[in-house]
Each structure stands twice: as C-alpha cells, then as structure tokens.
Amino acid sequence: MIFPKFFINKTRYGAVDNMLMSNQNYTYEMLRSELTWVVGEDYVKTDDSDKLGHSIDYYWVPELWHDRGQKGTVPDFIVHPGSAREVSEILKLANNYGIPVIPWGGGSGSQGGALPIYGGIIMDMKRMNKVLSIDPVSMTATVEVGINTQHLEWAVQKAGYSTMHFPASIACATLGGFIAHRGTGVLSTKYGKMEDMIMSMEVVTPTGEIINTLPVPRHASGPDLTQLFLGSEGTLGVVTKATMKIHPIPESRKFHAFLFKNMHEAMAAGAKIMTSRLHPCVIRLYDEPETAKLIKRVLGIDKQGAYLVFGFDGPEKMVDLEMEQASTIAMEQKPEDLGSEMGEAWWEHRYKFFYPPYMFQLPQAFGTLDTVATFSNIENVYWAMKNTVKENFPQATFIGHFSHWYEWGCMLYARFIIDNPPQDPHEAIALYNKIWDMAIRAAIKEGGVINEHHGVGLKLGRMMKDLYGPAFKILQDIKQVLDPNNIMNPGKMGFKGAR
Amino acid sequence: MNIDKYLDVIKACRFCFMCRHLAAVGNVTFKESDTPRGRALLLDKVRMDSKNMKNQDYIKTIYEAELSASCRYHCVNHYDEVGLILGARQDIVESGNAPQNIRTVADDLKKVEFTVEGTGDVLYYIDGYTKNHQPEIASAFLQLAGNCKTISGGDCGKALNVLGFAEDASIVNEKFKKAVKASCSSTLVTSCPASYDALKNDFPIDGINVMHSSEYLLSLGSINKPSKSINVYCIDSDYLKNYNNLTAPRELLKSAGYKLDMFGTNLEESYAAGEGAVIYDEICPELMKKLSDRVFELADNPEKDLIITFSPYTKFALKKSKPDFNAISIEEAILKAKGN
Ligand SMILES: Cc1cc2nc3c(=O)[nH]c(=O)nc-3n(C[C@H](O)[C@H](O)[C@H](O)COP(=O)(O)OP(=O)(O)OC[C@H]3O[C@@H](n4cnc5c(N)ncnc54)[C@H](O)[C@@H]3O)c2cc1C
Ligand code: SF4
C-alpha cells in the first residue's frame with residue numbers, strides 16, 4: 001500500500017508535521033480511529049482499490065498519468081459522512097490534525113477539482129443521497145446533495161415532476177458536484193444553470209459550522225450567500241443539503257434541425273432567436289468541423305455545413321407558435337431545413353456523444369475549452385481560440401459547438417484533439433497545458449470568460465488571476481477568512497496549495 | 001491472462017462514468033471501485049503489471065461485483081464488463097490467488113449428485129435456492145405444469161463458472177448433462193434464471209430445448225383471469241432481463257390479470273440483490289444485506305405491497321433480510337391468480 005505524501009516537509013500544520021507519513025505511523029491510526037468514531041467502520045475506507053478509484057477523475061491529466069503506468073496521488077482516507085453533523089465533525093478533526101479534506105461527488109468533474117493532490121481525506125458525499133421532501137405547492141425539492149442526479153430525476157419524476165436538469169453526466173455526477181461547479185444541463189436555455197435552479201443550501205463551513213443560506217434566492221438582504229457557495233468547488237465548505245426548483249412535466253416538447261452554410265449564419269439565427277426573447281429550452285449549434293465529425297458519427301448526417309437544433313417545451317399551442325417563430329427566424333439565413341425528425345434524433349441521442357467509442361479517449365489528448373461570452377464577442381472568441389490552436393499546434397484538431405444560450409450571449413464548447421500526443425507523460429502534459437494556456441488567454445483577451453459550467457479545479461487555477469485581475473484578491477481573502485487552516489481542497493481554483 | 005481478451009472493455013470503461021448510476025454495489029457501498037470504471041481501472045493496473053493480481057484489495061473488489069449486467073445492458077456499445085470480471089476471476093483462480101472463503105464455497109459446489117425423479121415429457125430442474133429454501137416455488141410450478149420429471153442435486157455449473165472455476169464448472173456440468181440425457185426429455189425447464197442462462201448460453205445441451213418456467217407456463221396457454229386485476233410490483237431478474245432480454249415473465253403475469261407497477265423509481269437499476277453473482281449471499285452476505293436494504297428503501301409500501309420476484313435467489317435474499325417482506329415467485333403468483 002502507498003501512504004500519505006501530504007505531510008512530508010510541511011510546516012504550516014505545526015503539531016502534526018511529518019506525523020502521518022504512512023500507515024506504519026501510529027498517528028495515522030489515531031486519525032483513523034477518530035474518523036471511524038464519527039462515521040462508523042463501514043464508512044472509512046483505506047483499501048487500494050478505492051484509493052485508486054479516487055485518484056482519477058474525468059480530468060485528462062490523471063487519466064494520462066494512469067495510462068502511462070505512473071503512480072498517482074492517492075488519498076489517505078476515504079470517508080462517507082451520513083449527515084451534516086458528521087461532515088462537521090470530520091472538518092473539525094481535519095483542522096485539528098491539519099489534514100486536507102477534498103469533497104468528492106461522482107468524480108466526473110473534468111477539471112481535477114476532486115483530486116487528492118496532497119493526499120488527505122476524500123470526503124465522498126454519495127452516502128448523503130436522500131430526497132428529503134417535495135413541496136408541490138412551491139414546486140421545490142429538498143435533497144441531500146450526494147444524490148446521483150439521475151436517481152434524483154427518477155425520484156422527482158415518480159412524484160410527477162422533473163428537475164429539468166439533464167446534463168450529459170446526469171448518470172454519473174452528484175447534485176453537490178453540479179452545485180460546486182455551477183453545472184448545467186441540456187435544457188439550460190429555458191430552465192437555467194445550477195445557480196438558477198437552487199433556492200437555498202445547507203453548508204458546513206471549513207471550521208465545522210453548519211449554516212443555511214436564506215430560503216429564497218431573490219431578496220435584498222445583502223449579498224447572496226447561496227451564490228457565494230455555488231461554484232466554490234469544495235474550497236469554501238461542504239454543501240450538504242439543497243432546496244431546488246422542480247417543474248411540471250411539459251405537455252409537449254418538440255425539436256427542429258437546420259443545416260446552415262456556415263457557423264456565422266447559424267450564429268446569427270441563434271442570436272436572433274434569443275434576442276427576440278423567444279424561450280427555447282435548447283439551442284445547439286455545431287461548427288462545420290464538429291458537424292462533419294460528430295454529427296455525422298452520431299446522427300448519420302453526412303453533409304457539409306453547420307448543424308443547428310432548437311427545441312421548445314410547454315403547452316403544445318405555445319410550443320407550436322414559438323417553433324414557428326423560431327423557424328421563420330432561422331429560414332432568414334436560407335439554411336437547409338432538416339425537419340423535426342433530425343431534431344428529435346438529436347434529443348434522443350443527446351447523451352450518446354459521451355459514451356465510448358463516440359467520446360474522445362486516450363491515446364488521444366483532448367480538452368474542452370469551455371468559454372462564455374456575449375453575442376458581440378462570441379465569434380471573436382471562437383476564432384481567437386481556433387487560430388491560436390491552428391497556428392501553434394498543427395497536430396491538433398479544433399472543433400466546437402455552442403451549447404447554452406442566454407438573452408445576451410452563449411457558451412462555446414470548443415475542443416482540441418491530438419490523436420498522438422507524446423508518449424512521455426511529462427512531455428504530453430506540458431504540451432497539453434501549453435494549449436490551454438495559449439487558447440484560454442486568447443479567449444480572455446476577446447472578452448471570453450473561462451468557464452461556463454465545468455469549473456476551474458486544478459486545471460485552470462493558474463488562469464484565475466488573468467481572468468479576475470485584482471478582484472481575485474477578494475476571493476482569496478474570503479477563502480482565508482472561512483478556511484484559516486487551508487484544509488478545504490487546497491491548491492484548487494487558483495487558491496494556495498497545502499505547502 | 002483471460003482479461004487480455006477484454007482489452008476493449010478495459011480501455012472503454014476505465015475512464016467512462018456513464019453507467020455508474022446502475023452500479024448496484026457501488027450504490028450501496030459508495031465506493032468508486034465498485035463501479036465498472038473502478039473495476040476496469042484496477043484491472044488495467046493488473047494488465048500493466050501482473051503482480052497486482054495478488055493485491056488482496058483488488059481481489060476482494062473483483063469478488064464483490066454483483067454482475068447484474070445492468071451496465072452492459074445500458075451501455076450504448078454494450079461493452080462486456082461482466083465478461084471482463086469473469087475473466088479476472090478466472091485469472092485469480094488460475095494464478096492460485098482465490099481467497100479461502102471463495103475456495104471453500106467452490107469446494108462445496110463441486111459436490112453434486114444429480115437425480116431425476118417422476119414421470120412426464122418435461123424435465124424441471126430444481127435449483128438450490130428453490131430446493132433447499134423455497135420448495136413452494138417448485139411445488140407451484142409442478143401444480144401448474146402437471147406431470148413433469150424433476151432433476152436436482154446441486155448447481156449445474158453456473159455458480160462455479162461465476163466464481164472463476166471454469167474447469168470445475170465444466171466437469172460439474174458434464175455430470176448434469178449426463179443426467180439430463182439419461183432422462184430422455186427434450187425440454188428442460190427451470191425457475192432459476194441463472195441456471196436458465198447457464199443452460200442456454202454457457203453449457204447448451206444438444207437436442208435439449210431450455211425454457212424458463214415463465215416461458216413454459218406461457219406456452220401452456222390461457223389462464224382464466226380473475227375479475228379484478230391485482231396491482232403488483234415486479235423485481236426483474238438480472239439474468240432474464242439483462243442477459244437474455246426475456247419478456248415472458250411480464251407477459252405471463254399480465255396474461256394472468258396482474259397489473260404491473262414499476263418497482264422503485266426506474267426500470268434500469270438492478271433490484272435483484274446480487275442475483276448476477278449467483279451465490280452472493282454466501283460470498284458477500286453483508287453486501288447482499290445492503291442491496292436488500294436498498295430494495296426495502298425503494299419499495300413504495302414495504303409492509304403492504306405485493307412484490308413478485310423473478311428469481312428464486314432474489315426472493316430468498318430479500319426474505320432472509322426481512323422475513324415479513326411480501327414477496328412471491330412468478331409460479332406462486334400464477335397459482336394465486338388461478339385461485340389455488
Ligand atoms: C461524460 C461527461 C459529461 C459531462 N457533461 C456535463 C454537462 O452536460 N454539464 C455539466 O455541467 N458538466 C458536465 N460534465 C462535468 C461534470 O459532470 C460536472 O462538472 C459535475 O458537476 C461534477 O459532479 P461530480 O459529482 O462528479 O463532482 P466531482 O467531480 O466529484 O467534484 C467536482 C468538484 O466539486 C466538489 N464537490 C463535490 N461535491 C461537493 C459538495 N457536496 N460540497 C462541496 N464541494 C463538492 C469537489 O471537491 C470538486 O471540486 C460531464 C462529465 C462527464 C464525465
Ligand atoms: S459499460 Fe459502457 S457505459 Fe459502462 S463504463 Fe463501460 S463503456 Fe461506460
């Protein structure tokens with residue numbers, strides 16, 4: 001077994017310096033006993049199997065590290081708390097011992113946010129998976145946030161409603177993970193992102209206080225704490241409970257697809273639909289290379305151009321009316337009308353893109369350059385990133401689609417793919433990081449914001465200063481005040497590491 | 001190594017999260033390693049360095065898999081993660097690394113003595129969970145089917161196969177085959193989905209038509225429906241649904257006038273309490289209990305609802321955990337519908 005690296009040469013944690021070096025060390029057993037006392041024997045894991053599982057999330061770098069036979073950084077303990085009180089006890093212990101705590105939901109995050117980069121305690125939240133209540137009058141559900149979002153959706157559907165949160169990772173992520181990353185689903189254009197879906201939350205602060213944010217999301221009682229913790233990626237505390245909106249199952253949901261001559265014309269159509277203040281539940285626009293690559297592979301449409309699909313849901317009469325209006329707007333650009341069938345097919349296969357063999361996978365190197373910008377800037381952001389990748393990394397392919405649309409702009413889900421990255425893992429990671437560094441900085445220059453829904457994590461932490469400028473200090477100060485011992489997920493989101 | 005045959009599965013599953021909601025064991029242990037991704041990751045480590053085959057934690061994880069095949073069924077490309085785990089178990093056994101508790105169970109499974117009794121054209125195989133713990137299942141079937149021969153005397157090889165003792169499984173199955181041949185029947189029926197799968201797919205017998213009891217009862221024709229339909233919940237069998245896509249159980253129950261409500265919240269998860277692993281109660285009793293507890297948690301009204309389990313194993317497991325759980329087998333349900 002491999003044991004803690006975290007405590008080597010550490011000075012900030014005073015009393016526990018070098019004490020938890022390995023499972024041969026009695027301090028390790030002291031902490032294990034204390035954790036066991038809090039959550040029970042069944043819920044403290046130290047076996048090699050589970051440590052391996054918790055050493056790799058959906059970030060390409062640890063995947064590559066594993067693929068190249070390198071030893072990954074594993075946690076010292078994996079604990080599964082069953083209540084906010086247990087979370088609080090664990091955090092107090094961690095403060096006492098000076099050991100990092102890394103919340104883990106489903107491990108499906110693509111930014112390395114849940115990785116135990118300094119060892120420590122992985123706080124796997126999946127045991128907190130209950131739907132606590134459904135309020136049919138206000139249409140809200142209160143749930144423990146370790147729940148798998150597909151299980152949540154099934155439970156809410158059984159009660160006759162829907163969360164309307166349909167991300168491609170619905171089956172693998174937890175609600176807490178989505179809260180931590182301000183995640184989003186396919187129907188976000190109408191139903192919003194996580195920050196629009198959540199009413200209020202219970203949070204355990206790094207020092208172990210159990211707090212609740214205000215019960216409703218619209219108020220004038222000072223800055224909103226719900227929004228502070230949303231997107232904090234486990235660096236400011238552990239979210240344990242949330243009340244979220246639920247929705248009636250719509251009478252009708254319809255889709256329609258078009259093939260535009262190019263992305264620019266398709267973008268003009270999409271933007272006009274949004275600025276006309278129609279309310280599609282989905283607009284998705286694929287650039288020409290992604291249409292040729294993925295739309296062909298998954299939907300079988302073998303044509304040149306930019307594929308765009310939109311959908312509306314609600315009472316059928318309204319759906320038909322909005323559909324007609326949106327189609328009229330689209331037709332102004334003279335696209336090929338692929339009809340409703342090709343739109344429905346997209347909806348039906350919306351998750352298929354993410355299963356092997358459709359999804360990119362090693363040996364390929366790939367990354368999602370998730371960026372959001374206004375309609376005035378979004379095409380410039382696209383071209384800035386694309387040109388940067390093309391000019392500097394000729395071995396890379398650049399494709400993209402625009403997934404989540406707002407009244408003012410949209411999200412660009414761009415990807416770079418390298419079929420044969422270097423064998424040497426260090427070289428491969430250096431190349432990978434260089435693409436990110438250059439492409440993201442090019443996007444920021446054009447008014448792009450990294451990132452719209454994947455979060456920052458380990459992957460993009462170094463860009464936070466570029467993105468925020470002097471304002472980042474405010475986030476750092478908040479972190480310092482809430483987490484004086486820096487136990488919560490150190491080294492993520494651009495905050496300082498554990499050493 | 002046997003796992004080398006499943007390289008495509010390892011490569012696909014090791015970084016894929018898409019079916020983790022269906023990882024039945026993972027859903028009760030919350031362990032990342034109890035998911036197809038987790039298991040593929042550790043078998044990838046074994047593939048890279050066979051010394052890892054000796055890792056006791058890895059071995060334990062591989063034997064804790066419930067083999068429900070929900071993931072394979074759900075998977076867009078149907079990657080055979082069950083095949084991978086079975087391959088790994090075979091590797092563990094062949095390399096002499098099988099844990100003592102597994103070897104003890106396997107030794108027991110090798111002690112078979114098949115006997116055929118009765119008269120009739122059809123041969124009814126009575127599996128261990130029916131014979132030793134739930135004779136009411138066989139009794140209901142025999143009342144419904146009329147004159148049948150019966151064969152019993154142990155597991156037909158499926159359990160050994162699933163534990164990774166492939167050679168021993170074949171030896172046991174040869175004995176079974178011999179007894180079946182000697183019975184001169186051409187139709188072999190069983191209520192046990194695992195045995196059905198074994199006899200249909202792992203060890204087919206030339207000239208013998210293998211049927212699940214629900215298929216056979218359905219083939220007997222119409223049942224007088226009761227005047228008022230009865231609402232019941234069904235707990236599917238992993239082997240019938242995910243391995244064989246068999247719709248006969250539901251068709252039979254509907255034809256007998258039952259109105260089938262969805263158990264739990266969805267039709268994708270396995271609620272079979274470890275049926276895929278055949279003798280899960282013997283090798284992982286605590287996990288069987290956890291899987292059963294999840295079933296009780298998901299039941300709408302566990303005190304009142306009538307639940308029909310499609311596998312004798314599942315009925316046994318659930319009742320072992322909660323003796324007053326209101327579960328009956330398909331055969332008992334049909335007998336009940338007939339007013340007997
Ligand atoms: C195939 C695939 C498709 C995807 N599609 C989408 C998509 O459509 N939309 C989308 O938004 N994302 C998508 N993602 C990314 C990923 O699913 C999301 O980022 C998700 O929010 C991660 O949730 P998780 O539960 O897996 O969190 P993890 O990966 O376990 O953790 C992510 C971060 O959240 C923190 N965290 C987890 N739980 C808590 C908690 N209770 N309290 C505080 N912090 C916590 C962790 O410390 C970490 O920093 C996809 C991922 C995959 C693998
Ligand atoms: S079985 Fe399919 S869905 Fe499940 S992990 Fe493997 S590739 Fe992914």
Side-chain angles (χ1 to χ4, degrees), chain A residues 1 42-43 45-58 60 62-63 66-69 78 80 104 106-108 122 124-131 146 148-159 168-173 349 351-352 354-359 361-363, chain B residues 8-9 11-23 26-45 47-49 52 55-62 64 71 74-79 261-262 264-269 286-287 290 294 297-298 300:
Chain A
M1 291 195 183
D42 252 14
Y43 300 114
K45 313 266 166 59
T46 54
D47 58 282
D48 287 353
S49 305
D50 211 26
K51 283 183 174 185
L52 176 62
H54 281 96
S55 69
I56 301 169
D57 65 358
Y58 199 49
W60 182 81
E63 290 181 356
H66 167 89
D67 181 71
R68 300 293 197 264
I78 299 137
H80 300 277
W104 177 288
S108 71
I122 282 274
D124 184 318
M125 298 300 292
K126 289 196 287 286
R127 188 174 153 218
M128 293 188 67
N129 61 3
K130 305 275 175 309
V131 175
N148 174 293
T149 43
Q150 178 65 78
H151 292 173
L152 169 61
E153 176 61 21
W154 276 333
V156 170
Q157 277 184 12
K158 188 159 177 171
S169 53
I170 185 168
C172 47
H349 296 294
Y351 299 145
K352 193 170 167 182
F354 293 88
Y355 286 81
Y358 301 99
M359 185 55 195
Q361 57 181 348
L362 277 156
Chain B
D8 63 326
V9 184
K11 297 254 167 183
C13 299
R14 65 184 178 159
F15 304 134
C16 173
F17 290 75
M18 297 302 281
C19 61
R20 81 111 39 88
H21 60 312
L22 302 176
N27 284 340
V28 297
T29 62
F30 315 112
K31 287 175 71 168
E32 284 295 315
S33 49
D34 289 332
T35 64
R37 175 189 83 102
R39 292 187 282 254
L41 268 178
L42 58 88
L43 291 174
D44 203 21
K45 282 264 181 228
R47 185 187 63 80
M48 289 174 187
D49 180 356
N52 286 318
N55 184 312
Q56 291 306 306
D57 291 344
Y58 286 13
I59 291 172
K60 187 162 181 282
T61 301
I62 294 302
E64 285 178 350
C71 309
H74 165 90
C75 180
V76 164
N77 212 38
H78 305 297
Y79 283 104
D261 288 331
M262 181 174 74
T265 61
N266 66 89
L267 292 170
E268 279 202 82
E269 265 184 273
E286 299 89 16
L287 290 178
K290 283 190 176 179
R294 179 160 162 81
E297 223 173 78
L298 285 166
D300 286 353

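All chains are named by letter (A, B, ...) in the order of the sequence lines, taking the proteins before the strands, and each is independently numbered beginning at 1.
Taking 4.5 Å as the limit, some side-chain heavy atom of A:Pro357 sits within range of a side-chain heavy atom of B:Asn77.
Legend: residues meeting salt bridge (Lys or Arg N to Asp or Glu O under 4.0 Å) with A:Asp67, ordered by chain and number and at least two apart, are B:Arg14. Here A:Lys126 pairs with A:Asp124, B:Glu32 under the salt bridge (Lys or Arg N to Asp or Glu O under 4.0 Å) rule; sequence neighbours left out.
Salt-bridge check for B:Asp57 with A:Lys51: failed, with every basic side-chain N at 4.0 Å or more from each acidic carboxylate O.
Atom-to-atom distance recorded for A:Asp57:CG and B:Phe17:CZ is 6.5 Å, nearest 0.5 angstrom. Here A:Glu153 contributes atom CD and B:Thr265 contributes atom OG1; the two are 10.5 Å apart, rounded to the nearest 0.5 Å. Here the straight-line distance linking atom CH2 of A:Trp154 with atom NE2 of B:His21 works out to 4.0 Å at 0.5 Å rounding.
For A:Ala168, the part lying under 4.5 angstrom from a heavy atom of chain B is the backbone only. The contact between A:Asn148 and chain B is made entirely by side chain atoms (from C-beta outward), counting heavy-atom distances below 4.5 Å. Of the two parts of B:Asn52, neither the backbone nor the side chain holds a non-hydrogen atom closer than 4.5 Å to a non-hydrogen atom of chain A.
In summary, the side chains of A:Ser49 and B:Thr61 do present a donor paired with an acceptor at a separation below 3.5 Å, with no hydrogens or angles considered.
Closest non-hydrogen pair, B:Thr29 versus A:His80, comes out as O-NE2, 4.0 Å.
For the salt bridge (Lys or Arg N to Asp or Glu O under 4.0 Å) with B:Lys31, the qualifying choice from A:Asp47, A:Asp42, A:Asp50 is A:Asp47, the only one to do so.
The aromatic rings of B:His74 and A:Tyr355 lie tilted to each other, with the angle between the two planes from 30° to 60°.
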